[in-house]
Protein chains: 2
Amino acid sequence: MVTIKDVAKATGVSPSTVSRVIADNPRISPDTKKKVRKAMKDLGYHTNISARNLVVKSTKAIGVIMPSSADKALQNPFFPEILRGIGSVTHRMKYSVTLSSGQTEEEIYEEVQRMVFGSYVDGVILLYSRLNDRVTNFLIERGFPFVIVGKPYENVNGITHVDNDNFTAGKEITEHLIDQGHEKIAFIGGSKDLFVTIDREAGYEAALQEAGHEVSDSYKIHTEFLKSGGREAVENLMSLKTPPTGIVVSDDLMSVGVLSMLEESGVKVPRDVSLVSFNNVYLSEIILPALTTVDIQIHELGAQSAKALIEKTVNKTEPVKRISIPYEIVYRDSVSRLP
Amino acid sequence: MVTIKDVAKATGVSPSTVSRVIADNPRISPDTKKKVRKAMKDLGYHTNISARNLVVKSTKAIGVIMPSSADKALQNPFFPEILRGIGSVTHRMKYSVTLSSGQTEEEIYEEVQRMVFGSYVDGVILLYSRLNDRVTNFLIERGFPFVIVGKPYENVNGITHVDNDNFTAGKEITEHLIDQGHEKIAFIGGSKDLFVTIDREAGYEAALQEAGHEVSDSYKIHTEFLKSGGREAVENLMSLKTPPTGIVVSDDLMSVGVLSMLEESGVKVPRDVSLVSFNNVYLSEIILPALTTVDIQIHELGAQSAKALIEKTVNKTEPVKRISIPYEIVYRDSVSRLP
DNA sequence: CTGTTAGCGCGTTCAC
DNA sequence: GTGAACGCGCTAACAG
């Protein structure tokens with residue numbers, strides 16, 4: 001391994017000078033810079049990150065914490081996409097990304113501990129938000145920089161997070177259904193202790209109420225991830241005395257499941273029932289019918305969270321921020337107009 | 001930050017003793033161990049990873065390199081799953097995972113350089129395999145430990161990689177179609193410079209030939225990822241004088257696209273045409289019809305690659321390995337028996 | 001503008 | 001069984 005000393009020796013300067021040209025210190029003469037740079041290239045010098053980290057007490061690395069695999073959501077294309085969003089800014093800023101690898105809540109907690117205590121990373125992005133989460137509490141206690149993608153459960157004004165306005169998005173997409181003449185509209189969401197679900201559902205209800213349409217409990221179903229359980233729920237829903245003509249589903253992937261169940265029961269989308277959902281994942285475009293869905297700009301969600309985090313790590317006094325990423329409804333073929 | 005010295009002072013021993021109990025050195029008396037450990041806990045000591053890395057010249061970290069986003073495949077649920085597989089062993093071994101964040105081939109190349117030269121990681125997992133890849137060549141030149149998930153393009157016997165036997169898998173799944181009475185079988189695959197595609201396709205052809213069925217070029221279509229271009233291709237396929245009654249698709253996600261196009265053209269699966277594919281991603285289970293597909297055990301692919309890599313990093317003389325992960329066909333509802 | 005010195009936190013001789 | 005001393009590669013004063 002070629003070190004700063006080697007370069008120094010080869011150039012006939014001192015190690016600190018070499019260090020300075022690496023930092024592009026303005027007080028170094030252009031000549032020596034040139035010389036040193038040449039030597040670095042010739043010798044194949046590359047700065048040793050551990051050594052630097054040790055002294056500057058910073059790692060230029062951020063940790064990204066995925067939800068525990070209890071949240072089966074991992075199969076959701078949401079994650080690769082948000083990772084890419086994060087990557088787009090970390091790469092630009094020459095930061096690196098350390099991914100959590102724990103599967104259970106406990107494992108993740110330990111991992112985050114190592115990350116912060118061991119000085120693995122300068123800050124952390126939480127890709128989930130759970131009530132009473134040990135990790136979150138830990139981070140707060142330690143005053144360690146972190147941002148949440150989504151809405152924090154507690155201390156909303158004290159935790160910088162980046163999110164969509166899921167309430168309004170839910171309202172708007174429901175209104176679209178209403179505009180198309182639908183009155184009987186159902187909601188199918190994931191676990192109701194996820195804020196996304198709660199917010200989107202609240203928006204759905206608001207739209208209904210504003211329009212003066214009934215919001216009935218039998219129209220709202222929550223199901224982990226669509227398998228056996230979800231199937232019954234959907235069947236029940238459609239065999240109500242007055243089945244819905246429109247459904248708001250909280251997530252594209254879930255929509256795929258709902259779609260299958262619906263078709264299986266002989267109801268066609270959008271002929272018999274209209275469907276809208278959220279995320280605008282690639283999938284929603286290639287499925288039949290293509291989904292009308294709200295594009296929440298996952299990539300941007302990731303990018304902004306990384307940006308906010310990095311700002312926080314370089315400037316600890318950076319104020320808490322609530323960043324809202326605009327969404328946009330993309331209209332496709334899963335909705336039909338009612339007479 | 002509480003260091004080894006602090007613990008030493010608090011315990012009345014020397015720093016080196018503390019270091020030894022951390023390493024669980026057997027020549028330390030149980031008593032002092034106990035004492036020191038208590039102090040560590042009390043003071044909240046955590047070993048500083050940078051400092052340790054600096055001296056031991058190892059990072060206990062591995063880099064995971066995703067394909068450039070030119071390979072639009074990133075939306076594929078394959079990636080989160082393989083990441084989880086990798087995570088399952090890195091976590092157990094207390095390794096950490098650094099994710100590449102570059103988007104273009106060039107960016108990724110630079111990134112890998114930093115990773116290896118800067119001693120960010122001990123080894124690297126390549127989640128793709130491209131012909132004449134700079135990254136691969138670089139890694140080889142430097143003699144840096146790495147493993148490929150998939151089949152290397154060159155030097156197959158010189159690069160440890162973990163893969164499925166895609167040829168046989170392709171053959172077997174095609175044979176399943178044949179067993180069900182199909183003779184006219186088409187193949188739809190992704191880019192034909194991906195080895196997965198090549199191998200699976202070869203298997204498909206082999207099955208056909210062995211069964212004495214025609215393998216026609218007009219039955220083989222390659223399309224990046226199914227959008228406009230793919231649509232036409234599928235339409236052409238189905239409007240051949242003798243359209244296929246069965247289709248082998250190289251990937252579940254792609255199957256979803258094919259399925260849509262088929263239905264759009266009024267052909268029903270599996271009534272009019274049978275469909276099989278690969279990967280057994282969660283999606284293939286919730287779609288209608290549920291896909292008959294070969295489960296390639298993505299999670300295991302990830303886990304084994306991490307395991308192999310770690311072994312390589314701890315023991316540089318570890319021999320090159322070709323690890324083949326068994327696959328298994330899971331039979332669902334996308335195939336019908338021909339009379 | 002540049003060199004010298006010191007020290008980041010840890011592991012590892014080599015003594016005792 | 002334990003301590004003292006040194007060095008990993010780098011940056012940051014402090015000189016000059």
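Order of the sequence lines sets the chain letters (A, B, ...), proteins ahead of strands, with each chain counted from 1.
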At under 4.0 Å between heavy atoms, what does [X] touch on the DNA or RNA strands: base, sugar-phosphate, or nothing?
X: B:Val13; value: sugar-phosphate
X: B:Ser16; value: base
X: B:Arg27; value: base
X: B:Thr47; value: sugar-phosphate
X: B:Ser19; value: base
X: B:Ile28; value: sugar-phosphate

Qualifying salt bridge (charged side-chain N to carboxylate O under 4.0 Å, His left out) pairs with a residue from [range], counting only residues at least two apart or across chains:
range: residues 111-125 of chain B; result: none
range: residues 308-321 of chain B; result: B:Lys307-B:Glu311, B:Glu311-B:Lys321, B:Glu318-B:Lys321
range: residues 142-153 of chain A; result: A:Lys151-A:Asp199

Ring pair (Phe, Tyr, Trp, His ring centres under 6.0 Å): which pairs involve residues 87-126 of chain B, sequence neighbours left out?
A:His46-B:Phe117, B:Tyr109-B:Phe138, B:Phe117-B:Phe138
Quick one: are A:Tyr45 and A:Val18 in side-chain contact, heavy atoms under 4.5 Å?
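They are not in side-chain contact.
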Below 4.5 Å, heavy atoms only, C-beta onward: do A:Thr90 and A:Ser96 meet side chain to side chain?
no
Between the main-chain N or O of [Y] and the side-chain N or O of [X], is there a donor-acceptor pair closer than 3.5 Å?
X: B:Asn164; Y: B:Ile296; answer: yes
X: A:Gln304; Y: A:Glu300; answer: no
X: B:Glu107; Y: B:Ser101; answer: no
X: B:Ser100; Y: B:Gly102; answer: no

With the threshold set at under 4.0 Å for non-hydrogen atoms, list the residues of residues 55-62 of chain B touching DNA chain D in residue-number order.
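By residue number: B:Val55, B:Lys57.
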Positions of residues 30-45 of chain B (non-hydrogen atom under 4.0 Å from DNA chain D), listed by number:
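Going residue by residue through residues 30-45 of chain B, the ones with a heavy atom under 4.0 Å of DNA chain D turn out to be B:Thr32.
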Listed by chain and number, what are the side-chain hydrogen bond (donor to acceptor under 3.5 Å, both in side chains) partners of B:Thr32, not counting sequence neighbours?
B:Ser29
Checking B:Asp24 now: which residues fulfil side-chain hydrogen bond (donor to acceptor under 3.5 Å, both in side chains) with it, not counting sequence neighbours?
B:Lys33, B:Arg37
Reading DNA chain D from 5' to 3', where do the contacts with chain A start and stop? Cut-off is 4.0 Å to heavy atoms.
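Counting from the 5' end, contacts occupy D:dC8 to D:dC14.
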What do the steps show when you test B:Ser19 against B:Ser16 for side-chain hydrogen bond (donor to acceptor under 3.5 Å, both in side chains), and what is the final call?
CA-CA 5 Å; B:Ser19 175; B:Ser16 41; over 6 Å; no
To the nearest 0.5 angstrom, please state how far the OG1 atom of B:Thr3 sits from the CG atom of B:Leu43.
9.5 Å
Taking for each residue the nucleotide of DNA chain D with the nearest heavy atom, is it B:Thr17 or A:Ile49 whose nucleotide lies nearer the 5' end?
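With B:Thr17 and A:Ile49 compared, the 5'-side residue is B:Thr17.
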Can you tell me if A:Lys60 has over 12 outside heavy atoms packed within less than 6.0 Å of its NZ?
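Count over threshold, so yes.
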Covered region of DNA chain C, 5' end to 3' end, by chain B [heavy atoms, under 4.0 Å]
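Result: C:dC8 to C:dC14.
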Considering heavy-atom distances to DNA chain C, does B:Leu54 or B:Ala23 have its closest nucleotide positioned more toward the 5' end?
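Per heavy-atom nearest nucleotide, the more 5' residue is B:Leu54.
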Mind grabbing the angle between the end helix axes of the helix from C:dC1-D:dG16 to C:dC16-D:dG1? Five pairs an end, 10° rounding.
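One end axis against the other gives 40°.
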Taking salt bridge (charged side-chain N to carboxylate O under 4.0 Å, His left out) as the test, write out the residues that go with A:Glu106, two or more places apart.
A:Arg134
